[in-house]
S.K.: 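Before I ask anything, let me first share the structure, which is written out below as structure tokens.
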Amino acid sequence: MGVELVTSQLPKVFIARPPQGGIPDRLRAVAEVEVWPGDRPPSKAELIAHASSAEGLLTSVSDRVDLEVLNACQSLRVISNMAVGFDNFDIDEMTRRGIPAGNTPGVLTDATADITFALILATARRVLEANEALLNGEWTSWNASFMLGLELSGATLGIIGLGRIGLAVAKRAQAFSMRVLANSRTPRPYAGIENVSLDRLLRESDIVSLHVSLSEQTRHLIGKSEFELMKPDAILINTARGAVVDQGALAEALKSGTIGGAGLDVFDPEPVSLDDPIVTAPHVVLLPHIGSATVVTRTRMAEIAIDNLIAGLIGEPLPNCINPQVYGSR
Ligand code: NAP
Ligand code: GLV
């Protein structure tokens, strides 16, 4: 009897960012798994080098899967994003090639709405400034005009994009007795929320919060002319995507006092450079893209992203498919 050479018959998957909780056995049972070891995301060349023979790919928001990557990785049969947003994907090209792509909607809605509200409270009530003043020894006595901010009760919150997260933020605002306006492509009737034009929302809101997904239609939706419509003490909150805002124009608007403040969890590009004018602009609270960063949420995102990957590998429809058109009418 000759020597039997045993090689893995399992399809290869490349995991560009290790998911919270590690790689589950149910994935190892159906795939030969390679996990990117670095703390930083792979560069495009590294992504291509590792995914060129992979049939499955698991990515995060920092991994761009564009035409160049798709051309170089011809074996891919499923691509799973550990995020709800998928502006890092060339989704039209994936669909054209019949590659199902997955995302993780819903499970991160509350965590992201919470961080949006953390930014609303921190900017409106000057939480970081007050903390810094205390640490600098500026709290010498109670002073009736010290650190005055915006009272949320009775203030108007304008939500741009009344999707899952926009609505969850609106509900939180109603619990704070705020008046809520929305500007939404698809009106989503909800008690107490008035759907208005973008101009009216910008003119009437004390706080404007962005919740649209990023696409060519929403890139730089908010720029110089939109800031000029806003109240001079209005606050802009962005937990959607950095490029929905013209970040240079935002830094200018803050410096010139065209608007009063900003709370940002997302930037263009990410990570934001410490030399970027937005970092030194006045009245800003800046977070490093932590909208979904709770243990529960990141664990559930990982489960869904892995479920999508496994389904694609075994030829089943993805439980959360961004481009179900790839399945035709089956
Ligand atoms: P969603 O339910 O799909 O909501 C997206 C909203 O954007 C919908 O109201 C949608 O309107 C609107 N929209 C999309 N394209 C538009 C366009 N061209 N013009 C006008 N409105 C448009 O998504 P979600 O779960 O709420 O998430 C929203 C976004 O939040 C994600 O795409 C992601 O970028 C961001 N996000 C960030 C974090 C973070 O960590 N900071 C975490 C999660 C999500 P229609 O209903 O008409 O489609
Ligand atoms: C995070 O930014 C997401 O889109 O899930």
Side-chain angles (χ1 to χ4, degrees), residues 17 19-20 41 58-65 80-89 91-92 101-120 158-172 180-190 193 195-199 201-202 208-222 226 236-245 262-272 285-294 296-305 308 320-323:
R17 301 298 281 161
Q20 156 74 14
L58 191 144
T59 52
S60 71
V61 290
S62 41
D63 306 304
R64 184 153 294 283
V65 185
S80 173
N81 212 27
M82 209 165 24
V84 62
F86 52 89
D87 45 282
N88 54 319
F89 281 5
I91 192 66
D92 292 340
N103 69 343
T104 64
V107 293
L108 41 58
T109 298
D110 283 324
T112 310
D114 288 349
I115 213 75
T116 305
F117 238 82
L119 285 171
I120 289 174
I159 295 192
I160 301 182
L162 196 65
R164 285 173 292 253
I165 297 171
L167 183 61
V169 171
K171 289 178 184 171
R172 282 158 177 72
V180 182
L181 302 178
N183 173 255
S184 204
R185 177 174 64 178
T186 308
R188 199 169 177 185
Y190 190 84
I193 304 178
N195 200 57
V196 299
S197 69
L198 182 59
D199 278 18
L201 181 145
L202 294 169
V208 172
S209 193
L210 304 177
H211 300 288
V212 289
S213 43
L214 174 63
S215 62
E216 282 320 304
Q217 292 75 47
T218 59
R219 184 174 298 277
H220 287 197
L221 181 68
I222 305 297
E226 286 71 32
L236 180 80
I237 304 291
N238 190 5
T239 62
R241 281 291 182 269
V244 173
V245 176
L264 309 174
D265 185 45
V266 287
F267 299 86
D268 180 26
E270 294 187 359
V272 68
V285 177
L286 311 176
L287 299 178
H289 203 146
I290 58 165
S292 63
T294 71
V296 166
T297 290
R298 286 285 164 82
T299 304
R300 295 182 72 194
M301 287 166 69
E303 282 166 7
I304 294 176
N308 281 335
N320 282 283
C321 191
I322 304 164
N323 54 351

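Both counts, for ligands and for their atoms, begin at 1 and track the order of listing. Bear in mind that the values here come from a model prediction, so they are computed numbers and not experimental data. As a basis for the values below, the full set of heavy atoms in this structure was taken, side chains included, without hydrogen atoms, waters or symmetry mates.
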S.K.: Could you please provide the protein residues found below 4.0 Å of ligand 1 on a heavy-atom basis, arranged by chain and number?
M.R.: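 Answer by chain and number: V84, G85, L108, T112, G161, L162, G163, R164, I165, S184, R185, T186, H211, V212, S213, Q217, T218, T239, A240, R241, D265, V266, H289, G291, S292.
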S.K.: Inspect the contact between R241 and D268 and indicate whether a charged nitrogen and a carboxylate oxygen are less than 4.0 angstrom apart.
M.R.: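 Result for this pair is no, no salt bridge flagged.
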S.K.: So, for G161 and S184, which heavy atoms are closest and what is the spacing to 0.1 Å?
M.R.: C-OG, 4.2 Å
S.K.: Looking only at distances, please establish whether an N/O atom of ligand 2 is found under 3.5 Å from an N/O atom of M82.
M.R.: no
S.K.: What do you reckon, does H289 have a nitrogen or oxygen under 3.5 Å from a nitrogen or oxygen of ligand 2?
M.R.: yes
S.K.: With atoms numbered from 1 as shown, which atoms in ligand 2 lie under 4.0 angstrom from a non-hydrogen atom of L108?
M.R.: 5 (O)
S.K.: Closest heavy-atom contact between T299 and Q20?
M.R.: OG1-CG, 3.4 Å
S.K.: Indicate the atoms forming the closest heavy-atom contact of I115 with T239, along with that distance.
M.R.: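 Closest heavy-atom pair between I115 and T239: CG2-CG2, 4.1 Å.
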S.K.: Quick check: does G85 get an N/O under 3.5 Å from an N/O on ligand 2?
M.R.: yes
S.K.: Can we say R219 and E216 salt-bridge, meaning some charged N sits less than 4.0 Å from an Asp/Glu carboxylate O?
M.R.: yes
S.K.: Considering only heavy atoms from C-beta outward, does the side chain of V180 approach that of Y190 to under 4.5 Å?
M.R.: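 SC-SC contact between V180 and Y190 ruled out.
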S.K.: Atoms of ligand 2 less than 4.0 Å from R241 heavy atoms?
M.R.: 1 (C), 2 (O), 3 (C), 4 (O)
S.K.: With a 4.0 Å heavy-atom cut-off (strictly under), which part of T104 contacts ligand 2: side chain, backbone, both or neither?
M.R.: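 Contact part for T104 vs ligand 2: neither.
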S.K.: Within ligand 2, which atoms have a heavy atom of A83 less than 4.0 Å away?
M.R.: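 Listed by number with element, the hits are 3 (C), 4 (O), 5 (O).
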S.K.: Taking atom types as modelled and ignoring hydrogens, do the side chains of T297 and S292 form a donor-acceptor contact shorter than 3.5 angstrom?
M.R.: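 No, no side-chain donor-acceptor contact under 3.5 Å.
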S.K.: How would you list, by chain and number, every residue that makes a side chain to side chain contact (heavy atoms under 4.5 Å, CB included) with N103, sequence neighbours excluded?
M.R.: V84, F86, P105, N320, I322
S.K.: So which heavy atom on A240 is nearest to which on V266, and how close?
M.R.: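 So the minimum-distance heavy-atom pair works out to O-CG1, 3.6 Å.
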S.K.: Please list the nearest protein heavy atom to atom 5 (O) of ligand 2 with its residue and the distance rounded to 0.1 Å.
M.R.: V84 N, 2.8 Å
S.K.: Please report the closest heavy-atom contact between R164 and R188, naming both atoms and the distance.
M.R.: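 Minimum heavy-atom contact is N-NH1, 3.5 Å.
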